[in-house]
Amino acid sequence: SDLPSADEFTFSLLTNPEVLEVNQHSENTRVLLFDEHFAAWTVDVPARAEKYLAVFNLSDTDRSIAVQLPELGFPAACQIRDVWQRADLPGTFSGIFAPVLPAHGAGLYKIKA
């Protein structure tokens, strides 16, 4: 991308401090789910009981991507933050987190107990 000519939305994504935090202060990146329709990756936050979760809809239609929170180490209710939107999702989540993503869309979330 040509940064000097990037639109405001693109620039806001590239300079989002929460996204930069994922890039610069995470460890143990691993694939959680993968098939021809979707993918999910997770990374640990060092020295904290938090994780980042990235989900990708690889299909041509809107899709719910279900992630088992206990598999990530969250057996009880947890809070989830939409990193790109810089907003906490309402309520708490337990068991399954299943964001609905548009075709070829992606989501980036921070999960904490």
Side-chain angles (χ1 to χ4, degrees):
S1 176
D2 178 30
L3 288 179
S5 62
D7 61 35
E8 186 175 328
F9 176 75
T10 301
F11 190 75
S12 73
L13 286 178
L14 295 172
T15 60
N16 179 328
E18 293 185 43
V19 174
L20 294 172
E21 180 77 17
V22 177
N23 176 267
Q24 297 173 8
H25 301 285
S26 62
E27 61 187 19
N28 196 23
T29 303
R30 61 201 174 279
V31 175
L32 184 63
L33 305 167
F34 182 78
D35 74 13
E36 72 264 16
H37 301 293
F38 57 84
W41 289 66
T42 185
V43 297
D44 298 331
V45 177
R48 289 189 265 168
E50 301 175 348
K51 295 191 186 295
Y52 289 106
L53 171 69
V55 290
F56 306 91
N57 180 357
L58 307 175
S59 71
D60 293 330
T61 60
D62 294 359
R63 180 174 296 276
S64 173
I65 300 171
V67 174
Q68 299 289 331
L69 294 170
E71 288 182 22
L72 294 176
F74 297 98
C78 57
Q79 298 174 320
I80 299 179
R81 180 171 180 80
D82 185 321
V83 174
W84 283 337
Q85 297 296 320
R86 297 190 210 178
D88 294 328
L89 299 181
T92 58
F93 297 82
S94 58
I96 295 174
F97 174 58
V100 177
L101 299 176
H104 303 284
L108 181 59
Y109 305 94
K110 185 176 189 177
I111 305 170
K112 65 181 180 177

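Model, not experiment: these values are computed from the prediction.
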Look at the side-chain heavy atoms of Ile, Leu, Val, Met, Phe, Trp and Tyr, link any pair under 4.5 Å apart, and say whether Ile65 and Leu58 land in one connected group. no

All side chain to side chain donor-acceptor pair (under 3.5 Å) counterparts of His25, not counting sequence neighbours: none

Give me each pair satisfying salt bridge (Lys or Arg N to Asp or Glu O under 4.0 Å) with a member in residues 53-80, each pair once, sequence neighbours excluded. none

Between Val19 and Tyr109, is there shared hydrophobic-cluster membership here, with clusters defined by ILVMFWY side-chain heavy atoms closer than 4.5 Å? no

Can any side-chain N or O of Asn57 pair as donor or acceptor with the backbone N or O of Pro102 at less than 3.5 Å? yes

CZ/Phe9 to CG/Leu14 distance, rounded to the nearest 0.5 angstrom? 10.0 Å

Residues at least two apart in sequence or cross-chain that pass side chain to side chain donor-acceptor pair (under 3.5 Å) with Asp7, listed by chain then number, are Thr10

Just wondering, are more than 12 heavy atoms of other shown residues or ligands nearer than 6.0 Å to CD in Glu27? yes

Shared hydrophobic cluster for Phe38 and Leu69 (ILVMFWY, side-chain gaps under 4.5 Å): yes

For a quick test of your reading: what N or O donor-acceptor pairs under 3.5 Å do the side chains of residues 81-97 make, sequence neighbours left out?
{"residue": "Arg81", "atom": "NE", "partner": "Glu18", "partner atom": "OE1", "Å": "2.8"}
{"residue": "Arg81", "atom": "NE", "partner": "Glu18", "partner atom": "OE2", "Å": "3.3"}
{"residue": "Arg81", "atom": "NH1", "partner": "Asp88", "partner atom": "OD1", "Å": "3.0"}
{"residue": "Arg81", "atom": "NH2", "partner": "Glu18", "partner atom": "OE2", "Å": "2.8"}
{"residue": "Arg81", "atom": "NH2", "partner": "Arg86", "partner atom": "O", "Å": "2.9"}
{"residue": "Asp82", "atom": "OD1", "partner": "Trp84", "partner atom": "N", "Å": "3.1"}
{"residue": "Asp82", "atom": "OD1", "partner": "Gln85", "partner atom": "N", "Å": "3.0"}

Holding to side chain to side chain donor-acceptor pair (under 3.5 Å), I want the full list of residues that pass it with Thr15, two or more places apart in sequence or in another chain. none

Rounded to the nearest 0.5 Å, how far does CG of Asn16 lie from CG of Leu108? 8.5 Å

Below 4.5 Å, heavy atoms only, C-beta onward: do Val55 and Leu33 meet side chain to side chain? no

In a table with atom names and distances, give each donor-acceptor pair under 3.5 Å that connects a side chain of residues 40-54 to protein atoms at least two apart or in another chain.
{"residue": "Thr42", "atom": "OG1", "partner": "Tyr52", "partner atom": "O", "Å": "3.0"}
{"residue": "Asp44", "atom": "OD1", "partner": "Arg30", "partner atom": "NH2", "Å": "3.3"}
{"residue": "Asp44", "atom": "OD1", "partner": "Lys51", "partner atom": "NZ", "Å": "2.5"}
{"residue": "Asp44", "atom": "OD2", "partner": "Asn28", "partner atom": "ND2", "Å": "2.9"}
{"residue": "Arg48", "atom": "NH1", "partner": "Glu50", "partner atom": "OE1", "Å": "3.3"}
{"residue": "Glu50", "atom": "OE1", "partner": "Lys110", "partner atom": "NZ", "Å": "3.3"}

Minimum heavy-atom separation for Ala113 to Phe74, with atom names? N-CE2, 3.6 Å

